[in-house]
4 protein chains.
Amino acid sequence: MRADAQRNRERILDAAEEVFARHGAAASTEEVARRAGVAIGTVFRHFPAKDDLLTAILKRLLARLAEDAAALGGADGLHTFFTRLVARAAARRTVVGLAGVDVPEAVGRLGDAVGELLRQAQAAGTVRRDVQRPEVMALLVSVCQGALHGGWDEDLQARTLAVVFAGLAA
Amino acid sequence: MRADAQRNRERILDAAEEVFARHGAAASTEEVARRAGVAIGTVFRHFPAKDDLLTAILKRLLARLAEDAAALGGADGLHTFFTRLVARAAARRTVVGLAGVDVPEAVGRLGDAVGELLRQAQAAGTVRRDVQRPEVMALLVSVCQGALHGGWDEDLQARTLAVVFAGLAA
Amino acid sequence: MRADAQRNRERILDAAEEVFARHGAAASTEEVARRAGVAIGTVFRHFPAKDDLLTAILKRLLARLAEDAAALGGADGLHTFFTRLVARAAARRTVVGLAGVDVPEAVGRLGDAVGELLRQAQAAGTVRRDVQRPEVMALLVSVCQGALHGGWDEDLQARTLAVVFAGLAA
Amino acid sequence: MRADAQRNRERILDAAEEVFARHGAAASTEEVARRAGVAIGTVFRHFPAKDDLLTAILKRLLARLAEDAAALGGADGLHTFFTRLVARAAARRTVVGLAGVDVPEAVGRLGDAVGELLRQAQAAGTVRRDVQRPEVMALLVSVCQGALHGGWDEDLQARTLAVVFAGLAA
DNA sequence: AATGAATGAGGATTCATTCAT
DNA sequence: GATGAATGAATCCTCATTCAT
């Protein structure tokens, strides 16, 4: 792949993330092309169908989250990650959970990273021993979705997370 | 013919709830008409724009939930309502939180009913005193959205709710 | 025909004249029914097709004009009629010339009345002898249409008619 | 592919002029596409809304008329233009005065051209000094509309114009 | 006779996708 | 590889007309 093709690919992904975040998955591919500064044909050359574009965004997003999570650790790593993620969802209407798109391995890697944070938190005594990874992931997704759809302010975010954290606490 | 029209209205709402639940708000109005067994014009006679139909569904759904909540009470009322709602969301892909639709009073009534359940739970000592209504609502929405998008099984539902309930507990 | 049926017929015609005058022939029959204060079925009982309604309006309008014309006479009868008609067209966006509708006899009667005015004007020496009825009718229709589409003010009406009258003068 | 697009744009305009002239502004955009030999999407790519198409036709028509007028002159320029225009209206059911469409500058340019013809005719003594541009324009529009709606034959056109010309004459 | 609910064809518009340049 | 014009299926919505009550 040529260098400019690679650069276009990134620009398209950036534009798509922004556009779909702002207007939902129903936003038009033309709009993505426009914001990326390329022609519509270029978008379809890189992503043969709209769904491929959505999938690619989600994949990249999950990969970044996994990286983020992997960079954290210690007693409060899980809490920090959780809080940060929710704040981002509430603030930026992130594209978490674009309906109809499945990216098993990416989700898997994120799950692993979160699992590690959980292990460390439990080792440090910050989280109860009988809590398991699936429900932590479930809560993560839930609260992000809730924040996304509800437009919470900072205060409500904090109070809601406080309940969840109390539920996780030893 | 007032009776016929009323019956059609209900059939359209039922059909719409089903169709939009299954395929999301992007499903076509034509599909709703087909499932309701009426012509497309009839749908638009009752709901002049697609949005009116979505709003009507959401309104009815919220009203039913408020009724449900109002029928409960006691130490475990809140927990029961919470659990039931999540189960329903996971099972039926309910239309909670249809984007772009606002039904303030309906939401308000549901909030009141939940607030009452919270009060009783706190009176019974099942829920901590410093928990407030907004975060309870936020958690409710969150976990429903999570269940909706995640396709949880019963076990995961139970474990996730266990964390939330522990967080609410005195 | 029952008395109330007759009354409804008139009310529908009045409403239709107003509605079509305001919004053009593309206005909806429902709107006519609404303004007439009857149900849509009633409109269609009296006028089986929209076109029948348009025709009926035009017929009534032409009949009234013929009456008007017949009530005039003398040296200035034609001029008066001409002026009055144009003023009305400009002011009320009358339904003169609803496309696609033909009402030969009504047009004929109006033509006769105008012909009579012409004859009298020529007898009085106000109008040239070699002017014939068809071009008078043509000018009448033309200037009404022009006024209708152009939204002329009083001054422009006057000046335009002045040219036409000069052209007709002996 | 700029050339192709331009060619299509012209074909669409030609088709639209014909279709709307024949069936009025209510004719369907599909029909225009069909006659132009393009797909419906192509029409909407060039003219995002039906109104844009109508406006474009009118603009082009007025521009052509202004050119026509500008090419004439002398004692009989105004009369020639007038006569030619009416003949065309009667023959081709031109789209003069499409309701709801406003193209001020195009109208302005035509007005200027007609004004110049008027000036020359007055200089040559063919038209009275006290006649002004507005009523000339008004008569022009009127007689075209009349011819349009009335379906005049050549003889009636001539006789009607004769009256108007007599009215303008010195 | 009147009512107004139901019908369904028709029309404007959007948008994912293809393909000639 | 990029461009952007063309395609045409799909969708929302309107409205003349019919018909059960």
Side-chain angles (χ1 to χ4, degrees), chain A residues 1-6 8-9 26-34 37-53, chain B residues 1-9 12 26-33 37-53, chain C residues 1-9 26-34 37-53, chain D residues 1-9 12 26-33 36-53:
Chain A
M1 189 188 290
R2 287 215 228 130
D4 61 333
Q6 182 58 38
N8 269 344
R9 202 191 135 88
S28 88
T29 313
E30 287 269 358
E31 176 68 24
V32 172
R34 208 172 306 133
V38 302
I40 183 69
T42 304
V43 175
F44 276 87
R45 161 167 279 268
H46 285 280
F47 307 95
K50 190 183 185 180
D51 228 57
D52 297 325
L53 182 53
Chain B
M1 189 169 277
R2 185 57 52 79
D4 268 47
Q6 185 57 37
R7 190 160 54 249
N8 267 343
R9 202 193 134 90
I12 291 168
S28 89
T29 313
E30 196 95 33
E31 176 67 24
V32 171
V38 301
I40 183 67
T42 303
V43 175
F44 279 92
R45 160 170 273 263
H46 285 279
F47 307 95
K50 190 183 184 178
D51 226 58
D52 297 326
L53 183 52
Chain C
M1 189 188 292
R2 287 215 229 131
D4 60 335
Q6 182 57 39
R7 195 164 52 247
N8 270 344
R9 202 192 134 88
S28 87
T29 314
E30 286 270 357
E31 175 67 24
V32 172
R34 208 171 306 133
V38 302
I40 182 67
T42 304
V43 175
F44 276 88
R45 161 168 279 267
H46 285 279
F47 307 94
K50 190 184 185 179
D51 228 57
D52 297 325
L53 183 52
Chain D
M1 189 171 277
R2 185 57 52 77
D4 268 48
Q6 185 57 37
R7 190 160 52 250
N8 268 343
R9 201 192 134 90
I12 291 167
S28 88
T29 313
E30 292 265 359
E31 176 68 24
V32 171
V38 301
I40 183 66
T42 302
V43 176
F44 278 91
R45 160 170 273 264
H46 286 279
F47 307 95
K50 190 183 184 177
D51 226 58
D52 296 326
L53 184 52

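These figures come from a predicted structure and were not determined experimentally. Naming: A, B, ... by sequence-line order, numbering from 1 per chain.
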**Complete:** Contacts of Ala26(B) and Arg9(D) projected onto DNA chain F by closest heavy atom; the upstream (5') one is Arg9(D)
Let's see if you can work this out: which of [options] has an atom nearest to the side-chain heavy atoms of [X]?
X        : options                  : result
Ala39(A) : dT7(E), dG4(F), dG11(E)  : dG4(F)
Thr29(B) : dC12(F), dT3(E), dA12(E) : dC12(F)
Ala5(B)  : dA16(E), dA9(E), dA5(E)  : dA5(E)
Asn8(B)  : dG8(F), dC13(F), dA5(E)  : dA5(E)
Ile40(C) : dG8(E), dA5(E), dG8(F)   : dA5(E)
Val38(A) : dT7(F), dT11(F), dT3(F)  : dT3(F)

Whole angstrom value for the distance that separates [atom2] of [N] from [atom1] of [X]:
X        : N       : atom1 : atom2 : value
Phe44(C) : dA20(F) : CZ    : C1'   : 17 Å
Asp52(D) : dT13(E) : CG    : P     : 9 Å
Lys50(D) : dC12(F) : NZ    : P     : 21 Å
Asp4(D)  : dC19(E) : CG    : P     : 16 Å

**Message:** Mind checking if Ala49(B) touches a base, just sugar-phosphate, or nothing, with heavy atoms under 4.0 Å?
**Reply:** sugar-phosphate
**Asked** Contact class for Ala27(B) vs. all strands (heavy atom < 4.0 Å): base, sugar-phosphate, or nothing?
**Response** sugar-phosphate
Can you tell me how far [atom2] of [Y] sits from [atom1] of [X], rounded to the nearest 0.5 angstrom?
X       : Y        : atom1 : atom2 : value
Arg7(C) : Asp4(C)  : CZ    : CG    : 6.0 Å
Arg9(D) : Gln6(D)  : CZ    : CD    : 6.5 Å
Asn8(D) : His46(D) : CG    : NE2   : 5.0 Å

At less than 4.0 Å, is any side-chain N or O atom of [X] found next to OP1 or OP2 of [N]? Yes or no.
X        : N      : value
Thr42(D) : dA5(F) : no
His46(B) : dA6(E) : yes
Arg45(B) : dA6(E) : no

